[in-house]
Amino acid sequence: MIEVKNLYKIYYRGENEVQALKNVSLSIKEGEFVAITGPSGSGKSTFMNILGCLDKLTFGEYILDGVSIQERTEKELSKLRNSRIGFVFQSFNLIPRVSALKNVELPLFYARKTKNQRRERALELLEKVGLSDRVNHMPNEMSGGQTQRVAIARALTNEPSIILADEPTGNLDSKSGSDIMNILKKLNDEGVTVIIVTHELEITQKCKRTIIFKDGELVQDKLTSC
Amino acid sequence: MFLLENFMIAVASLKSNKVRTFLTMLGIIIGISAVITIMTLGEIGKSNISKQFEGVGANKVGIYLNWTSNSVKKDFLTDSDINKIRNVFKNEITYMSPVLMGDMGKAVKKKESGDVIMMGVNPDYKALEKVNVIKGRFLNQSDLDKRRSVSVIDKKLALKLFKRVNVVGETLKVESTNLKQSFTIIGIYEKKPQLFDSIFSKSTSVYIPIVFSNNDNEYDQLQLQISKDSETNLMSKKIIKFIARIKGKENLYIAETAKNQIELINNILGTISTGISIVAGISLLVGGIGIMNIMLVSVTERTKEIGIRKALGASRSDIVLQFLTESMIISAIGGIMGVFIGLSISNIIAILLKASPVVPVWIVLIAVSFSAMVGIGFGIYPANKAAELDPIEALRYD
Ligand SMILES: Nc1ncnc2c1ncn2[C@@H]1O[C@H](COP(=O)(O)OP(=O)(O)OP(=O)(O)O)[C@@H](O)[C@H]1O
Ligand SMILES: [Mg+2]
């Protein structure tokens, strides 16, 4: 499903250039649960952003569903982000001053779903992440763990087949963190491909496959027995 | 559906910043209400002035002595000159009256008094100016022939001095700077309220036999009406030429037709209102720049939000629409309020000036579509800027 070939991401800063990703090649099949780890600045977030069609690669090729990403129009990329991919960020990224319910409804809004369809689906997902009693809360009225669960619900609204989570537990205590991991694990059991960036060893141990980046290079790609 | 919801979202966003939204709107409100006020006042002026002249008749001509430093006594028109004109143009002139406008005077009755202008005229003047006599009668030829000291006064003056309308037979005492005169009142007339009446004319006209006010029988002013079959401007030129011949002097008199006056006044009004409209238009432009400024601030403030929305699948056009909707709501509401305020102001002024109020639909349409254009025009740049943001950079923004 995901195929990356000789991928380079280079940032040009005046005279000097930063090679955030160097010659990365890998493929991820549907239903996998992949952990990406590595030291800070090794290019993990950069890689995730490219996988999520948020950022453009410099050289190489990224093929999603058999079509090279470079051949897609801007409109198609928005559509992919909207319904094919679900994002979970370390800093939650809920829209402030907008209720949990409305935040979860947002991807459906951009998918041009009706108000009733959105509401029904959003309530269903908030229940799934255990927040039925917080639907009308604003982001600043919830704990970090609750906020991240809203964000996961939001990532799931359009039934994406890929969840990209960049350090989803990074800002959470271990209890909330393991709640989040359990939700992601459950999703993976339901067939969703989950790719997660993490620094925590325990988390990598829960995943079926661990990829390690170092200085922008893929240095290890191994299957873990879980 | 999607547009409606976009609208609701924009409203919610604007509501969350009420003061700022209102202040931004104020620029448009002021601009549009200024444009509407000026344009509507112009319309009111035009339609009322035309109405006024309609009553008077477009085929009226005023002939005036062209005063210069070497004007002499024999340049004035005499009774025999007037008779000559009447004879030569008897088929073309329906009515003709020399007019002698006297000094300002004061009509007094016990403690009451009223400012008056003594107008020496002949019986034709009634038909010329369509004087509406409501009690008694207007001057007639025998008043002139017998040099009777009679007068026809305004209903307003009658009410002021005598506290009643029908004062035929009473005596009117008039004092001016150097003489006191008495006239028997033989008629009362009523004047239609006119534009600018309330401001400028505290005084009323008192019509008296022209022979009475002018012992020498010399006139510098002639009012006449050209028959319907003749061309007013052409005839007035012919009459001027004729006077030049009998007086033996070119360009001694000038003719003013009502048509000329309407055109002149309309031109002046048009120029004034165009001038002010340009200024008002500039204020609208400033209002538009205000919208653009605030929308740019708003885009910067919401950079992160834009990043999130893009990550969730908002396309370029979704973002453009979101911000454009906001700027259009500001300008549309501002425009509607401006139209309302502008129409109110201009029509209140019209009523104060005793002119009939007007609601020119075309001006309203122009103003509303113009403010919508301002909303789009000045909103498109910030909206585009938002849509162009790189999602990753936007997400990283704090
Ligand atoms: N916009 C940018 N301009 C220039 N350099 C950048 C930019 N974004 C990232 N980099 C560089 O690319 C490299 C990879 O960054 P990235 O954010 O992918 O690291 P990371 O592995 O996610 O680190 P962390 O674990 O701290 O989140 C870093 O050296 C960083 O400085
Ligand atoms: Mg990172």
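Below, chains carry the letters A, B, ... as their sequence lines are ordered, and counting in each starts from 1. Everything numeric in this text was worked out from a predicted model, so none of it was measured.
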Trainee: Check each atom of B/S317 against the heavy atoms of chain A and say whether the ones under 4.5 Å are side chain, backbone, both or neither.
Mentor: side chain
Trainee: Crowded around A/E120 CD? As in, over 12 foreign heavy atoms under 6.0 Å?
Mentor: no
Trainee: Would a 4.5 Å heavy-atom cut-off, applied to side chains only, mark B/L395 and A/N49 as touching?
Mentor: no
Trainee: Is it the backbone or the side chain of A/F89 that comes under 4.5 Å from a heavy atom of chain B, or both, or neither?
Mentor: side chain
Trainee: Using a 4.5 angstrom heavy-atom cutoff, name the option from B/R316, B/K310, B/R309 with the most pairs to chain A.
Mentor: B/R309
Trainee: Heavy-atom pairs under 4.5 Å with chain A - which of B/L312, B/D390, B/N6 has more of them than the others?
Mentor: B/L312
Trainee: Tell me, do B/D318 and A/R112 make a side-chain contact under 4.5 Å, heavy atoms counted?
Mentor: yes
Trainee: Has B/K385 got more than 12 heavy atoms of other residues, nucleotides or ligands less than 6.0 Å from its NZ?
Mentor: no
Trainee: Does A/R119 CZ have over 12 foreign heavy atoms under 6.0 Å away?
Mentor: no
Trainee: Flag yes if more than 12 heavy atoms outside A/E127 fall under 6.0 Å of its CD atom; otherwise flag no.
Mentor: no
Trainee: Show the nearest heavy-atom pair for residues B/K304 and A/S91, with the distance to one decimal.
Mentor: NZ-OG, 4.2 Å
Trainee: Is it the backbone or the side chain of A/L94 that comes under 4.5 Å from a heavy atom of chain B, or both, or neither?
Mentor: backbone
Trainee: Taking side chain as everything from C-beta outward and backbone as N, CA, C, O, which of these in A/L106 sits under 4.5 Å from a heavy atom of chain B? Side chain, backbone, both or neither.
Mentor: side chain
Trainee: Picking from B/E5, B/R302, B/E393, B/E305, which has the most non-hydrogen pairs under 4.5 angstrom with chain A?
Mentor: B/E5
Trainee: What distance do A/F92 atom CZ and B/I308 atom CD1 have between them, rounded to the nearest 0.5 Å?
Mentor: 12.0 Å
Trainee: Output the option from B/G313, B/G307, B/S315, B/S16 having the highest count of non-hydrogen pairs under 4.5 Å with chain A.
Mentor: B/G313
Trainee: In this structure, are over 12 heavy atoms from other groups packed under 6.0 Å from A/Y110 atom OH?
Mentor: yes
Trainee: Please state whether the side chain, the backbone, both or neither of A/K102 comes within less than 4.5 Å of a heavy atom of chain B.
Mentor: neither
Trainee: Among A/K79, A/E74, A/R154, A/R97, which residue has the highest count of heavy-atom pairs closer than 4.5 Å to chain B?
Mentor: A/R154
